[in-house]
2 protein chains.
Amino acid sequence: MRILLVEDELDLARALISALERHDILVDHVSTLEMALEAVENAVHSIAVLDRKLPDGDSLTIIPQLRRAQAGLPIIVLSALGSPEHRIEGLETGADDYLAKPFVVDELVARIRALMRRPAMIADMGITVGKLTFNLGDGTATAAGEPMTLTRREVLALEVLVRRAGRTVARSALEEAVYGFDDEIASNTLDAHISRLRRKLAPANVEIHSIRGIGYLLRATS
Amino acid sequence: MRILLVEDELDLARALISALERHDILVDHVSTLEMALEAVENAVHSIAVLDRKLPDGDSLTIIPQLRRAQAGLPIIVLSALGSPEHRIEGLETGADDYLAKPFVVDELVARIRALMRRPAMIADMGITVGKLTFNLGDGTATAAGEPMTLTRREVLALEVLVRRAGRTVARSALEEAVYGFDDEIASNTLDAHISRLRRKLAPANVEIHSIRGIGYLLRATS
DNA sequence: TGGTCCATATTGCCGCAACATTGCGAAACT
DNA sequence: AGTTTCGCAATGTTGCGGCAATATGGACCA
């Protein structure tokens, strides 16, 4: 097993590396967000362990990018910010686990083991469904080669649907994606967006099924 | 999603239940280890949340039994014993997460979500009977490779039947699974659902026997 | 063996809640 | 000011799921 450790305090990093290697866990160590993103490009790591506070920013901000680079990558965040609010923030952002400093090294090992107890990730579905291509980088899309104009809300919704193409997306997940965690929605506005997306997606041979009581599912027209 | 909460402090239990249900998580609540083991027999729950200290013992001791009854059941342990040693002990025993009291309810919700998000868990949890494969992660099923459309009630019933394939499932267990512990049913509606399931399952070489006076049993057609 | 009882099977009906669609007006951007 | 976006609600549509009427079949007893 090879993990990516992103930690800027060198003493702590060294301690962690030697402890982890004593448990037969290989460690690649970098110390900035930028280097972390670069390292993940090769997708060779089974887990990423991020210190939250790094020289070039809060590591929570790059979790989406890490996930985009390697779908399903398990992520553990280490932080001195251990209040429940901080922990929730970390988990909601997509971390699989959040460990407050100070911690005992063996606990980190145990949590890595807990995350690894499951088999590896699912291959990335890609960004093409039917005649639709969706660019995760800038949120643009083309239908059969023709660029399509999408509003902001539509982009947000479509991104989630495309990422999970062929699998159902819970209505609540869509709401979270389109609005914030905070913002609430008090009508069927989401349905309206879906409706308009459907019309725009029709030329791309892509349809959005509704799963009654659950949410929606995007797939190529059969 | 339906979870099993094992907690003997009634005030805390009530608070958790109302918070979880506000997040659309169904909760079945029991207060002893014995009742927990009994509840898991029916294999109805997606996650078990255990208070560590219970009237009839330390809940860590029954984790292996829970796992035996339902392979892959994710388990979260709540405990006032929050030292690193205790946490490690919990994780090593097989808990997927260990949350120290006192905690903010939203953190528990976030951790439940994090556990359910695990893609690997979904891959882990496919069950095959005859030509039927049932995906415990998202409640979808395929018959001989063809995806089948199931209604919500059908999914709930089929999940239990598949989990206990080859063993009889008490009628009462099915009612619990499809409706709540509380909700009652005043007609033969369950039978109707079974009937419709049978028709859908026929192409998958799977049949549902009725065990007169007891319940049902699902198995591959011989 | 034949009859009766009762649990289960099957099917259609239909209310109601979830979802779809569209127009309108307010707000936000240019 | 003009344009676009978006939230909202009114209205239309769909289909789940509860119920009950009727059918089937096994169990038990005489």
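Note that these values count all heavy atoms, side chains included, but never hydrogens, waters or copies made by symmetry. Chain A is the first sequence line, chain B the second, and so forth, proteins listed ahead of strands; every chain is numbered from 1.
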query: What is the distance, rounded to the nearest whole Å, between atom CG of Leu174(A) and atom P of dA20(C)?
result: 12 Å

message: Within the structure provided, determine whether Arg198(B) and Ser210(B) are in side-chain contact (heavy-atom separation under 4.5 Å).
response: yes

- request: Check whether any side-chain nitrogen or oxygen of Arg153(A) sits under 4.0 Å from OP1 or OP2 of dG7(D), and answer yes or no.
  value: yes

query: dG15(D) C1' sits how many Å from Lys200(B) NZ, rounded?
result: 11 Å

field: Side-chain donor/acceptor of Lys131(A) to backbone N/O of Pro203(A), under 3.5 Å
entry: no

Below 4.0 Å: OP1/OP2 of dT10(C) and any side-chain N or O of Arg199(B): no

query: Can you tell me if the side-chain N/O atoms of Tyr216(B) get under 4.0 Å from OP1 or OP2 in dA9(C)?
result: yes

field: Nearest-angstrom distance from the residue atom CD of Glu175(B) to P of dG18(D)
entry: 11 Å

query: Quick one: is dA20(C) close enough that its OP1 or OP2 comes under 4.0 Å of any side-chain N or O from Ser210(A)?
result: yes

field: Residues Glu207(A) and Arg219(A) bridged, charged N to O under 4.0 Å
entry: yes

message: From CD of Glu154(B) over to P of dG15(D), roughly how many Å is that when rounded to an integer?
response: 14 Å

message: What is the separation between atom CD1 on Ile211(B) and atom P on dG26(D), rounded to the nearest whole Å?
response: 13 Å

message: Measuring to OP1 and OP2 of dT5(D), would you say a side-chain N or O of Thr151(A) lies under 4.0 angstrom away?
response: no

statement: Between CD1 of Ile214(A) and P of dC16(D) the distance, given in whole Å, is 12 Å

message: Within a 6.0 Å radius of atom NZ on Lys200(B), are there more than 12 heavy atoms belonging to other residues, nucleotides or ligands?
response: yes

- prompt: How many angstroms lie between atom CG of Leu78(B) and atom CG of Leu5(B), to the nearest 0.5 angstrom?
  reply: 7.5 Å

- request: Whole angstrom is fine here: how far is it from CG in Leu201(B) over to P in dA9(C)?
  value: 14 Å

Min side-chain heavy-atom separation Leu33(B)-Ser59(B) under 4.5 Å: yes

- request: Quickly work out the Leu156(A) CG to dT5(D) P distance and round it to whole Å.
  value: 14 Å

Distance below 4.0 Å between Tyr179(B) side-chain N/O and dG17(D) OP1 or OP2: no

- prompt: Counting any heavy atom closer than 4.0 Å, what does Arg212(B) reach on the DNA or RNA strands: base, sugar-phosphate only, or nothing?
  reply: base

task: Look up atom CZ in Arg171(B) and atom CD1 in Ile214(B), then write down how far apart they are to the nearest 0.5 Å.
output: 11.0 Å

DNA chain C contacts among residues 188-198 of chain A, heavy-atom distance under 4.0 Å: Asn188(A), Asp191(A), Ala192(A), Ser195(A), Arg196(A), Arg198(A)

